[in-house]
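Some notes on the structure that comes next.
This is a predicted model, so every value here is computed, not measured. Positions are given from 1 along the sequence.
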Amino acid sequence: MDNPRVLVLTTWFLPGYRAGGPIKSVANLVAALSNDADFAILTSDRDEGDAEPYRDIVADRWLTGPDGRRVFYASPRQRLRDVIDAGGFDVLYLNSVFSPRFALLPALRALRGSDQGVRVVIAPRGSLQHGALGIKKTRKRVVLWIARASRLPKRAVWHATDQTEVDDIARAFGTGVTVVLAPNLPDEPSRSWLEVQKTAGRVRLVFFSRISRKKNLDYLLECLGEAKHTIELDVIGPSIEAPYLRRCEELARAVPPNVSVRFLGPMHPDALAKVLPSYHFALFPTLGENFGHAIFEALQAGKPVLISDQTPWRGLQALGVGWDLPLSDRSGFIAAIEASAAMDQLAYNQMSRTARNYAIAWLNAPDLIDRSRRLFS
């Protein structure tokens with residue numbers, strides 16, 4: 001039997017990186033299942049927040065990379081329906097709920113022609129979480145109303161990456177929807193464990209993610225305002241919400257003298273991989289993640305994490321790899337930050353090794369890729 005022809009629609013893709021985890025989710029899925037489906041990727045010709053297209057990439061035509069991956073980088077003037085209709089695809093795999101151009105309109109058109117047998121698979125990528133729905137909520141309510149009115153939820157297949165996302169889909173669209181539970185596929189670890197010098201009473205922290213309301217950096221900065229130990233925080237990531245960035249910068253200027261905060265801006269993943277080993281802990285007080293590639297990347301690098309309880313990564317303190325705390329427990333966040341700073345070399349080494357071993361064990365789960373195959377079978 002021939003492999004299904006799958007068209008992946010995603011607003012941003014490689015070589016972009018500013019959109020964060022969803023780019024990695026798509027790239028890793030396509031790479032892992034390259035022998036099970038014939039993938040083609042339809043995406044925009046620029047990174048998130050960029051006014052100019054990628055340099056050295058020709059837009060509005062199919063390109064084939066050295067790994068055989070076919071990508072169509074669409075300019076704003078390109079009609080996506082022409083690309084989709086000409087391809088003869090068996091499956092449309094959409095990586096959004098709320099993108100009109102790369103999700104809602106293609107899905108509605110495909111299902112109107114459902115007699116042709118096109119399977120529509122939708123990955124919400126955490127956009128149906130309660131915290132995410134509270135951002136730009138009027139626009140999102142309109143999109144959800146259109147989706148329900150068209151019966152899209154019950155006619156598509158939904159890709160949930162954890163049980164929380166299964167529940168989010170049910171809360172948004174009710175019962176009777178088809179959901180395939182398949183975890184995201186993270187990157188393979190690229191290096192062995194490295195020891196980082198750790199002095200009791202001092203700690204180097206890193207936040208690497210988009211600077212946006214959903215990622216909740218302002219919460220972390222408010223917590224640091226009450227820290228007593230010597231703390232250095234580096235903030236790495238792009239910002240497309242200028243007022244929110246200004247708020248975070250104001251909070252950073254207000255921290256006490258024992259705390260220093262640096263905003264390093266966006267960083268290419270290759271550069272991030274080089275600097276990440278120099279930190280002790282990674283902090284992500286996010287309002288919601290369906291996976292959290294940055295969280296997993298930190299654990300792989302042996303960086304224990306302090307995160308909210310709005311991600312799939314739970315029970316971290318019992319595992320000895322960090323803390324996952326409710327955002328309502330601000331004192332708990334502050335106490336965890338202080339505990340990270342207070343650690344000596346021996347205690348930190350043990351926690352760091354445990355974090356890396358935990359990530360590798362998760363990555364080697366025997367059914368990890370098999371569960372993703374069900375999306376397209």
Identify each donor-acceptor pair in which a side-chain atom of residues 133-142 lies under 3.5 Å from a protein atom, sequence neighbours left out, and give them as a table.
from : atom 1 : to   : atom 2 : distance (Å)
R139 : NH1    : F98  : O      : 3.1
K140 : NZ     : A132 : O      : 2.7
K140 : NZ     : I135 : O      : 3.1

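Heavy-atom neighbours of Q345 CD from other residues, nucleotides or ligands within 6.0 Å: above the threshold of 12. Shown here is E52, whose CD atom has no more than 12 heavy atoms of other residues, nucleotides or ligands within 6.0 Å. By the neighbour-count criterion of 12 heavy atoms within 6.0 Å, atom NZ of K228 is sparsely surrounded, having that number or fewer from other residues, nucleotides or ligands. For CZ of R171, the number of neighbouring non-hydrogen atoms (other residues, nucleotides, ligands) closer than 6.0 Å is greater than 12.
Linking Ile, Leu, Val, Met, Phe, Trp and Tyr whenever their side-chain heavy atoms come within less than 4.5 Å puts V157 and V30 in one cluster. Side-chain heavy atoms closer than 4.5 Å link hydrophobic residues (I, L, V, M, F, W, Y) into clusters, and following such links, possibly through other members, connects V255 to L217.
Distance check, rounded to the nearest 0.5 Å: CG of L105 to CD1 of I146 gives 8.5 Å. Atom-to-atom distance recorded for L283:CG and L306:CG is 4.5 Å, nearest 0.5 angstrom. Atom CG of N35 is separated from atom CG of L33 by 9.0 Å, given to the nearest 0.5 angstrom.
Listed by first then second residue, pairs satisfying salt bridge (charged side-chain N to carboxylate O under 4.0 Å, His left out) with a partner in residues 209-220 read E48-R210, R213-E241, K215-E289, D218-R247, not counting sequence neighbours. Listed by first and then second residue, the salt bridge (charged side-chain N to carboxylate O under 4.0 Å, His left out) pairs that reach into residues 313-322 are R314-D324, sequence neighbours excluded.
Side-chain contact check for S150 versus L111: every heavy-atom pair is 4.5 Å or farther apart. Side-chain atoms of L220 and L224, non-hydrogen and from C-beta on, do get closer than 4.5 Å to each other. In this structure, N95 and T11 have side chains that are not in contact, with every pair of non-hydrogen atoms separated by 4.5 Å or more. Counting only heavy atoms from C-beta outward, the side chains of R101 and P106 never approach each other to under 4.5 Å. Looking at heavy atoms from C-beta onward, E249 lies in side-chain contact with L245 at the 4.5 angstrom threshold. L205 is not listed as a side-chain neighbour of D234, based on a closest heavy-atom distance of 4.5 Å or more. Looking at heavy atoms from C-beta onward, R18 lies in side-chain contact with D50 at the 4.5 angstrom threshold. Counting heavy atoms from C-beta on, the side chains of F207 and I236 never come closer than 4.5 Å.
When atom types are taken as modelled, the side chain of K154 and the backbone of R148 share no donor-acceptor pair closer than 3.5 angstrom. Remark: side-chain polar atoms of K303 are paired, donor with acceptor, to backbone N or O of Y279 under 3.5 angstrom. Here the side chain of N184 pairs no donor or acceptor atom with the backbone of H293 at under 3.5 angstrom. The backbone N or O of T230 sits nowhere less than 3.5 Å from a side-chain atom of R202 that would complete a donor-acceptor pair. Side-chain N or O atoms of N258 include one that pairs as donor or acceptor with a backbone N or O of A227 at under 3.5 Å. Between the H229 side chain and the I337 main chain, no donor and acceptor come within less than 3.5 Å of each other. Using modelled atom types, one side-chain atom of S308 and one backbone atom of T286 make a donor-acceptor pair closer than 3.5 Å. A donor-acceptor distance shorter than 3.5 angstrom exists from the side chain of R119 to the backbone of L375, with no hydrogens or angles considered. Panel note: side chain W313, backbone F291; a donor-acceptor pair is recorded below 3.5 Å. W158 places a side-chain N or O within 3.5 Å of a backbone atom of P153 that can act as its donor or acceptor partner.
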Steps toward salt bridge (charged side-chain N to carboxylate O under 4.0 Å, His left out) verdict (R330, E222)
CA-CA 9 Å; R330 187 181 296 268; E222 289 171 349; 3.0 Å; yes
I would like to know whether L14 and V71 meet side chain to side chain contact (heavy atoms under 4.5 Å, CB included); could you show each step before the answer?
CA-CA 10 Å; L14 301 173; V71 185; over 6 Å; no
For the pair S278 and R204, evaluate side chain to side chain contact (heavy atoms under 4.5 Å, CB included) and give the outcome as yes or no after the intermediate values.
CA-CA 8 Å; S278 66; R204 293 197 70 211; 3.3 Å; yes
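Contact detail for F333 and P326: the closest heavy-atom pair is CE1-O, 3.7 Å. Shown here for V166 and A160, the closest heavy-atom pair between the two residues is CG2-CB, 3.6 Å. In this structure, A19 and D47 approach most closely via the heavy-atom pair N-OD1, 4.1 Å. Looking at every heavy atom in both residues, V97 comes nearest to S127 through CG2-OG, 3.8 Å. Contact between W323 and M351 at its shortest, heavy atoms only, is CH2-CE, 4.0 Å. The heavy-atom pair separating G302 from Y348 by the smallest distance is O-OH, 3.7 Å.
Because its NZ or CZ atom is both nearer than 6.0 Å to the ring centre of W62 and within 45° of the ring axis, R70 counts as a cation-pi partner of that residue. Cation-pi contact between R61 and F72: absent, since separation from the ring centre below 6.0 Å together with deviation from the ring axis within 45° is not met.
Every salt bridge (charged side-chain N to carboxylate O under 4.0 Å, His left out) that D367 has, sequence neighbours left out, goes to R371. Taking the side chain to side chain donor-acceptor pair (under 3.5 Å) definition, one finds that D85 meets it with R109, sequence neighbours left out. In this structure, F13 has no ring-ring contact (aromatic ring centres under 6.0 Å, His included) partners at least two apart in sequence or on a different chain.
Separation of the F39 and Y93 ring centroids does not fall under the 6.0 Å cut-off. Ring-centre distance between Y17 and W12: not below the 6.0 Å cut-off. A centroid separation of less than 6.0 Å is found between the aromatic rings of W362 and F296.
Salt-bridge annotation for K24 and E297: present, with a side-chain N of the basic residue lying under 4.0 Å from a carboxylate O of the acidic one. Between R262 and E232, no side-chain nitrogen of the basic residue sits less than 4.0 Å from a carboxylate oxygen of the acidic one, so the salt-bridge criterion is not met. Salt bridge annotation for R5-D38: absent, with no cationic side-chain nitrogen under 4.0 angstrom from a carboxylate oxygen.
A donor-acceptor pair shorter than 3.5 Å can be found between the side chains of N349 and E195. Side chains of R69 and T64: a donor-acceptor N/O pair is absent below 3.5 angstrom, by distance only. A donor-acceptor contact closer than 3.5 angstrom is absent between the side chains of D370 and S372.
Ring geometry for Y54 versus Y73: interplanar angle over 60°, hence perpendicular rather than tilted (30 to 60°).
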